[in-house]
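In what follows, chains are A, B, ... by sequence order, proteins preceding strands, each numbered from 1.
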There are 2 protein chains.
Amino acid sequence: MATIYQVSELAGVSLSTVSRVLNNNDYVSKKTKKKVMEAMQELGYQPSSIARSLASSRTSSVGILVSELDGPFFGQMMSAIEEQLRAAGKHVIITPGHSDETKEKNGFEFLISRNCDAIIAHVEAVSNEYLIELSQGKTPIYLMSRYVEEIKDNCISLDNVMGGYLATKTMITRGHKNIAYIAGPQFKIDASDRLKGHKQALSEFGIEFDENLFYIGDFKETGGNDGLKSFIDNKISFTALVCANDEMASGAMKYAREHGFNLPSDLAIIGYDNVIFTNYLYPTLTTINNPVPEMGKMAANLVLKDIYKHTGITINHIFQPNLILRDSTPSLK
Amino acid sequence: MATIYQVSELAGVSLSTVSRVLNNNDYVSKKTKKKVMEAMQELGYQPSSIARSLASSRTSSVGILVSELDGPFFGQMMSAIEEQLRAAGKHVIITPGHSDETKEKNGFEFLISRNCDAIIAHVEAVSNEYLIELSQGKTPIYLMSRYVEEIKDNCISLDNVMGGYLATKTMITRGHKNIAYIAGPQFKIDASDRLKGHKQALSEFGIEFDENLFYIGDFKETGGNDGLKSFIDNKISFTALVCANDEMASGAMKYAREHGFNLPSDLAIIGYDNVIFTNYLYPTLTTINNPVPEMGKMAANLVLKDIYKHTGITINHIFQPNLILRDSTPSLK
DNA sequence: TTGTAGGCGTTATCAT
DNA sequence: ATGATAACGCCTACAA
């Protein structure tokens, strides 16, 4: 491996000059720059990222902390972040937090110990206080899908209220009035925001919120199953079902079919998140899509701007979901 | 940040001694070791991974090159590898190759330039020759789901012949004799191996391979669609359909339903890969599962053993797929 | 068992 | 615009 020193010898200049061309420093004459470049070429010189890191206390790496390495949501997110960052010559160190407080903290510590220049995190178990305190440290933290007032400039979040509104409005504009709603665990902000949007849509169209058509599920298939079951057992009548995520919608669909419903004609169903399998369900599931890749890209851009001082970058801190219309939501006959 | 130097001062020993306890060197008396540990504790000392790397030319990082950051297969794989490696204090640098020759090569170069101690790669576009040559370099390369004779000790692969055999045998043992087969692109080893297994099962049970019940698809939904269409258009009779992957099976299912088939009673279908949506299809799809997490873990173990000299690790280079029985494959009436 | 000194490949601060 | 030289934080012979 050729070093900067050998390059300097071959080019007949000093170490510092070589370093300068390496870092695009302006104070180098075109002539010398050319000489140096040629020498580098000839030696097949590759700068050592490690030595650079040691000398500059920059690692050109950004840590990514996601709940799971697996799964479409995180997959898309990592993919977008990595792509954007790599185009800028940075690399990503990825580690999972498994939605567990201890593991998320470990993840942060791990990435910090690796001297990442910044951390982009999607965490749900640690408290806001922890995150605020962490932000005082020397490694900058950026948050995905989470809004913390005190560090809002480092947050990229989704407008879940808008999404919830969109889902219910979709049913309303298709003629439905009796709309059941299966919510997610209300301690999760996403879930309560989506519910807020649901209520907003109802009130906008003069429909009263009915506790009997409301169930709090667990964001898993069982939640959709149990929710629908409870509505049916209580003999409540409704023609549409809004689920706060796709898993629950899938569970509800299975339950509905097993109990004599003909889908989608007997019951319109909408999900949320646009996870990949929604397109494989029968009927295909109408759902709300999050602009996950765009968010990932934006997070990367935010880091590029803040940390690596790239210019000409415009930041958008909040993203709007959109409707994906499929077969599961016919108009009321 | 405290340095090794300050620790040595506080503990009243030399730099090297501190370094020794850091690296679990045997030649340190218990007493001094204790003193040093306490000093570290008191200063909240954290070794700098970068300085260590520079001095030892080890980065404690292993590169992972996968086709996509997104997707269940790679998700599971990365997850398993990361978990195993992190437990050993190593970290992973992940980058995608997008199944494109240039991008895969870029990925390798990128990881090599990052001084990874080793690279675990799942690549499909680069040639065997390239991989063999790369293996001559100073960064050890390990291959997932790919077998290259010349560097077989660095390969972890799947027994696709066995999987193909299993799929078809499943149909045969359920009484089917007229079994259609939609294969994957035959230049892909996985695809041709699966086909080989299919033929093996047929011959084992005295069923002749019928060109009319054979179609080469593209591993995507359209392939299943087109394959089934061609069988039907040709008025061939068959009661079972084996697809070389789940996407094609899904495409075939949609086409079948749209053309008057009642599933699963009119046609038994089996897929391959056990991707997540198979469980959401209607009917749920019987398929062949790859032990992806196990493979990932094994790859990590292989690196731990070869590169980081961990002991007591047993390596298994080839993994067997298994059958996931669901609703899409009833017995022939 | 412990200490000394040189080196790993750059960056950064001064001079010049 | 260019060059010396001291960090950066640790490892590793070699010496003691």
Side-chain angles (χ1 to χ4, degrees), chain A residues 1-37 39-40 43-61 89-90 112-117 138 307-309, chain B residues 1-40 43-61 89 112-117 138-139 308-309:
Chain A
M1 271 295 142
T3 78
I4 202 179
Y5 181 72
Q6 308 177 31
V7 174
S8 77
E9 267 194 325
L10 208 168
V13 297
S14 75
L15 283 187
S16 344
T17 302
V18 178
S19 175
R20 283 190 188 97
V21 343
L22 220 51
N23 297 288
N24 280 311
N25 188 307
D26 293 335
Y27 301 100
V28 191
S29 70
K30 284 201 172 178
K31 265 190 198 168
T32 33
K33 182 164 183 175
K34 195 181 163 211
K35 265 196 305 187
V36 173
M37 302 277 260
M40 286 177 170
L43 293 168
Y45 168 76
Q46 288 289 114
S48 150
S49 52
I50 296 167
R52 292 184 108 167
S53 297
L54 185 59
S56 68
S57 58
R58 276 271 160 100
T59 57
S60 296
S61 73
K90 316 300 174 192
I112 290 172
S113 81
R114 286 316 192 181
N115 288 291
C116 296
D117 295 337
K138 75 166 198 184
I307 310 300
Y308 298 114
K309 308 302 176 194
Chain B
M1 271 297 140
T3 78
I4 200 179
Y5 182 73
Q6 308 177 31
V7 174
S8 78
E9 264 194 328
L10 208 168
V13 297
S14 76
L15 284 185
S16 2
T17 303
V18 179
S19 175
R20 284 190 187 98
V21 343
L22 220 53
N23 297 288
N24 279 313
N25 188 309
D26 291 335
Y27 301 100
V28 191
S29 71
K30 283 200 174 179
K31 264 191 200 166
T32 32
K33 183 165 183 174
K34 196 182 162 210
K35 264 197 305 188
V36 173
M37 301 278 259
E38 284 169 356
M40 285 177 172
L43 294 168
Y45 168 76
Q46 289 287 115
S48 150
S49 52
I50 296 167
R52 290 184 110 166
S53 297
L54 186 58
S56 67
S57 58
R58 275 271 161 99
T59 57
S60 295
S61 73
I112 290 172
S113 81
R114 285 318 194 181
N115 286 291
C116 296
D117 294 339
K138 76 166 196 183
T139 307
Y308 299 113
K309 308 303 177 193

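Between the CD atom of Gln6(B) and the P atom of dC8(D) there is a distance of 10 Å, given to the nearest Å. At whole-Å resolution of the value, CG in Leu43(A) and P in dG9(C) are 14 Å apart. Remark: P of dT11(C) and CD1 of Ile50(A) are 13 Å apart, rounded to the nearest angstrom. Remark: C1' of dG3(D) and CD of Glu9(A) are 15 Å apart, rounded to the nearest angstrom. What separates NZ of Lys35(A) from C1' of dT2(D) is a distance of 10 Å, to the nearest Å. Regarding Tyr27(A), its OH atom lies at a distance of 17 Å from the P atom of dA15(C), rounded to whole Å.
When atom types are taken as modelled, the side chain of Asn23(B) and the backbone of Asn25(B) share no donor-acceptor pair closer than 3.5 angstrom.
In terms of position along DNA chain C, the nucleotide closest to Ser29(B) lies nearer the 5' end than the nucleotide closest to the other residue of the pair Leu54(B) and Ser29(B).
Taking five base pairs at each end of the helix from dT1(C)-dA16(D) to dT16(C)-dA1(D) and finding the rotation axis that steps the C1' atoms of four pairs onto the next four gives two axes whose angle is 30°, to the nearest 10°.
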Any chance you could list the contact pattern along nucleotides 10-16 of chain D? Use B for base contacts, S for sugar-phosphate-only contacts and - for none, protein heavy atoms under 4.0 Å, 5' to 3'.
BSB----

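In this structure, the side chains of Ser61(B) and Cys116(B) come closer than 4.5 Å at one or more pairs of heavy atoms. Counting heavy atoms from C-beta outward, Tyr308(A) and Arg58(A) have side chains that approach closer than 4.5 Å. Looking at Val18(A) and Tyr5(A), their side chains never come closer than 4.5 Å, going by heavy atoms from C-beta outward. Between Thr3(A) and Gln6(A), some side-chain heavy-atom pair lies under the 4.5 Å cut-off. Ser16(B) is listed as a side-chain neighbour of Arg20(B), based on a closest heavy-atom distance under 4.5 Å.
Asn115(B) CG to Ser49(A) OG: the interatomic distance, rounded to the nearest 0.5 Å, is 5.0 Å.
Residue Ser14(B) places none of its side-chain N or O atoms closer than 4.0 Å to OP1 or OP2 of dT2(C). For the OP1/OP2 pair of dT2(D) and a distance below 4.0 Å, the side-chain nitrogens and oxygens of Thr32(A) include at least one atom meeting the criterion.
Legend: residues meeting side chain to side chain contact (heavy atoms under 4.5 Å, CB included) with Thr32(A), ordered by chain and number and at least two apart, are Val13(A), Val28(A), Ser29(A), Lys35(A).
Shown here for Arg114(A) and Gly89(B), the closest heavy-atom pair between the two residues is NH2-O, 2.8 Å.
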